[in-house]
> 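Please read through the structure below; I'll follow up with questions.
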Amino acid sequence: MDEPKQFKDYFDKKLAQKLAKLIGEVYPSFKPRSFVRQVANQIEPLELKARVAVMAEVLRECLPADYLEALDILVQILGPENEDKDSEYVRGLQLMPVEHFVGVYGLDHFEQSMQALYEITKRSSAEFAIRPFLIRYEKQTLKVLSEWVTDPSEGVRRLVSEGSRPRLPWAMQLPSFMANPRPTLKLLEKLKDDPSEYVRRSVANHLNDVTKDNADLAVDVLARWAKGASKERQWIIRHALRSLVKQGHKGALEVLGYGPPKVNLACFYVTTPIVQFGSALEFSFALQSEGKQSQNLVVDYVIHFVKANGSTSPKVFKLSSRTLKAGERLTLERVHKIRPITTRKYYAGGHRVEVQVNGVVLGGGEFELRM
């Protein structure tokens, strides 16, 4: 069976050929064979971001030396705003090198570059390329974003939130907003009830970023948003607080209606005390209510993974959200696969798994991982 295609592998010779064809149609002096050859000679050993960067670098070499003239050519290949959904993914791929081109080479031309990003994000996305502008021209870029917040295009409105996220994954961080997120929170205020789920998801992820550096401020904002919140805004609040809930942040749990748990860990069983790497950890447990009223519970579990130096590091995993009635007993079980993943390196040794309810660890058990 063929291995699934990795995302980076879409940035290959075929994509270079497609870009070359599009550019050649609007810029007859373009040398497509030279462009494709230079890209193909460099990208094979590279990862995703490096492949995108190479394509942008070769575009800079093959297009007119004048940035504005080159930019005009690239804008002409963007295509229509509203193509069918099946072509949206491919269109987004071919525009990533164009987005990178603007973010790297367009910083000395603020207005023209921002207009280009506006057009790009209506067809794909531009959250990576706008970040250098936020760093160099913070006030000017925030002013533009404040105008885009009511744009008819959901892609443009999403860029307002996604492009200004303090800790956007795979992108440069924005230290100014990590230290003081208030300028971007003003933008999110206008997006919290956006009709687009695409935009609302970005708002939630943006606020989750804020919780990592300014937890109490984020909780205060979301507590205010919770008053009279629609179902859609309630989803934003839950998703934005997901990291703090795992950490047992008292304020975050209170916003979501989770108080101190009045439960007892009646029993806990590790069904697989010895786990062979590639199989799974299995465990079950029972929670007994000790409260006189119903209580909302968020039930997680924590695995303390062994590190290279023999110490352990905890990782919290979501399990269930339940309402437990007075005197009720809740039994839960879990199968947690322990297989190769790109985000963790496993080590043999004694591990521990624990139950966490409303941020409070109630107990757990041990298991041995064998590689």
Side-chain angles (χ1 to χ4, degrees), residues 67-68 71-72 74-76 78-82 88 91-92 95-96 98-168 171-210 214 217-218 221-222 224-225 230 232-233 236 240:
Y67 169 77
L68 294 180
L71 182 64
D72 180 65
L74 292 175
V75 169
Q76 291 182 62
L78 298 183
E81 290 182 31
N82 299 309
E88 195 171 279
R91 186 173 73 253
L95 295 187
M96 284 186 71
V98 179
E99 175 200 357
H100 190 83
F101 182 96
V102 177
V104 173
Y105 303 112
L107 284 171
D108 292 332
H109 302 274
F110 179 81
E111 293 183 4
Q112 297 90 337
S113 294
M114 291 299 289
Q115 184 60 35
L117 294 181
Y118 175 81
E119 295 298 333
I120 290 170
T121 202
K122 287 193 289 185
R123 298 158 172 83
S124 174
S125 181
E127 65 258 29
F128 298 111
I130 202 170
R131 299 171 81 78
F133 293 91
L134 279 164
I135 291 175
R136 183 184 288 192
Y137 307 103
E138 181 176 312
K139 290 183 178 180
Q140 297 97 311
T141 308
L142 284 172
K143 184 176 184 298
V144 173
L145 294 182
S146 69
E147 297 169 357
W148 288 355
V149 80
T150 56
D151 194 87
S153 167
E154 67 173 8
V156 174
R157 300 196 307 275
R158 176 184 178 273
L159 178 61
V160 173
S161 170
E162 196 73 2
S164 61
R165 282 179 59 179
R167 292 175 171 272
L168 180 67
M172 63 175 64
Q173 295 182 346
L174 298 178
S176 176
F177 300 149
M178 290 168 63
N180 176 24
R182 287 178 174 81
T184 63
L185 291 176
K186 291 180 181 179
L187 300 172
L188 301 188
E189 285 286 347
K190 300 177 182 179
L191 296 172
K192 66 178 182 293
D193 293 314
D194 195 276
S196 167
E197 181 183 354
Y198 186 48
V199 177
R200 296 195 304 270
R201 181 174 294 276
S202 176
V203 171
N205 287 331
H206 188 136
L207 279 160
N208 186 56
D209 280 5
V210 175
N214 298 272
L217 175 59
V221 168
L222 292 166
R224 177 166 51 79
W225 286 13
S230 64
E232 291 77 13
R233 200 198 300 174
I236 289 177

> Let's go through Ile135 and Ser176 carefully: what are the C-alpha distance in whole Å and the side-chain angles of both, what is the deciding distance for side-chain contact (heavy atoms from CB on, under 4.5 Å) to 0.1 Å, and is it a yes or a no?
CA-CA 8 Å; Ile135 291 175; Ser176 176; over 6 Å; no
> Looking only at atom types and distance, does a side-chain atom of Ser124 sit under 3.5 Å from a main-chain N or O of Ile120, one as donor and one as acceptor?
no
> Residues in ring pair (Phe, Tyr, Trp, His ring centres under 6.0 Å) with Phe133, at least two apart?
none
> Sequence neighbours left out, cut at 3.5 Å: what donor-acceptor pairs do the side chains of residues 98-107 make with other protein atoms?
| unit_1 | atom_1 | unit_2 | atom_2 | d |
| --- | --- | --- | --- | --- |
| Glu99 | OE2 | Phe128 | N | 3.0 |
| Glu99 | OE2 | Ala129 | N | 2.9 |

> Which one of Arg167, Arg165, Gln173 satisfies the side-chain hydrogen bond (donor to acceptor under 3.5 Å, both in side chains) criterion with Asp209?
Arg165
> I'd like to check the salt bridge (charged side-chain N to carboxylate O under 4.0 Å, His left out) partners of Arg201; sequence neighbours left out, ordered by chain and number.
Glu197
> Report the residues that fulfil side-chain contact (heavy atoms from CB on, under 4.5 Å) with Asn214, sequence neighbours left out, ordered by chain and then residue number.
Pro181, Val210, Leu217
> Side-chain contact test, heavy atoms from C-beta onward, threshold under 4.5 Å: evaluate it for Leu185 versus Phe177 and give yes or no.
no
> Which heavy atom in Ala204 sits nearest to a heavy atom in Ile236, and how many Å separate them?
CB-O, 3.8 Å
> Nearest 0.5 Å please: distance from the CG atom of Leu145 over to the OG1 atom of Thr184.
10.0 Å
> Working to the nearest 0.5 Å, report the span between CZ of Arg158 and CG of Asn205.
8.5 Å
> Could I get the full list of ring pair (Phe, Tyr, Trp, His ring centres under 6.0 Å) partners for Trp225, not counting sequence neighbours?
none
> Strictly by salt bridge (Lys or Arg N to Asp or Glu O under 4.0 Å), give each pair with a member in residues 171-185 just once, sequence neighbours left out.
none
> Report the residues that fulfil ring pair (Phe, Tyr, Trp, His ring centres under 6.0 Å) with Tyr198, sequence neighbours left out, ordered by chain and then residue number.
none
> Go through Leu187 and Ser146 one step at a time and tell me if the side-chain contact (heavy atoms from CB on, under 4.5 Å) criterion holds.
CA-CA 6 Å; Leu187 300 172; Ser146 69; 4.1 Å; yes
> Could you state the interatomic distance from OG1 (Thr141) to NZ (Lys139), rounded to the nearest 0.5 Å?
12.5 Å
> Which pair of heavy atoms, one from Leu207 and one from Ala240, lies closest together, and at what distance?
CB-CB, 3.6 Å
> Tell me every residue that passes side-chain contact (heavy atoms from CB on, under 4.5 Å) with Val156, counting only those two or more places apart in sequence or in another chain.
Tyr118, Thr121, Lys122, Trp148, Asp151, Ser153
> If you compare all heavy atoms of Met178 against all heavy atoms of Pro166, which two are closest, and at what distance to 0.1 Å?
CG-CB, 3.7 Å
> Sequence neighbours left out, what passes side-chain contact (heavy atoms from CB on, under 4.5 Å) with Asp193? Give chain and number order.
Ser230, Arg233
> With sequence neighbours left out, write down each residue that passes salt bridge (charged side-chain N to carboxylate O under 4.0 Å, His left out) with Glu189, or none if nothing qualifies.
Lys192, Arg224
> Please enumerate all residues that pass side-chain contact (heavy atoms from CB on, under 4.5 Å) together with Pro175, with sequence neighbours excluded.
none
> If I take atom OG from residue Ser113 and atom CD1 from residue Ile130, how far apart are they, to the nearest 0.5 angstrom?
10.5 Å
> Can Tyr137 and Met114 be said to form a side-chain contact (heavy atoms from CB on, under 4.5 Å), step by step?
CA-CA 11 Å; Tyr137 307 103; Met114 291 299 289; over 6 Å; no
> Identify the two heavy atoms, one from Pro195 and one from Arg200, that lie closest to each other, and give their separation to 0.1 Å.
O-NH1, 3.1 Å
> List the residues meeting side chain to side chain donor-acceptor pair (under 3.5 Å) with Thr150, not counting sequence neighbours, and say none if there are none.
none
> I would like to know whether Lys143 and Glu147 meet salt bridge (charged side-chain N to carboxylate O under 4.0 Å, His left out); could you show each step before the answer?
CA-CA 7 Å; Lys143 184 176 184 298; Glu147 297 169 357; 3.0 Å; yes
> Should Asp108 and Arg136 count as side-chain neighbours, where that means a heavy-atom distance under 4.5 Å?
yes
> I would like to know whether Arg157 and Val149 meet side-chain contact (heavy atoms from CB on, under 4.5 Å); could you show each step before the answer?
CA-CA 5 Å; Arg157 300 196 307 275; Val149 80; over 6 Å; no
> Mind listing the closest non-hydrogen atom pair of Gly163 and Arg131 along with its distance?
O-NH1, 3.0 Å
> Provide the closest heavy-atom pair for Glu154 versus Val199 in the form atom of the first, atom of the second, distance.
O-CG2, 3.5 Å
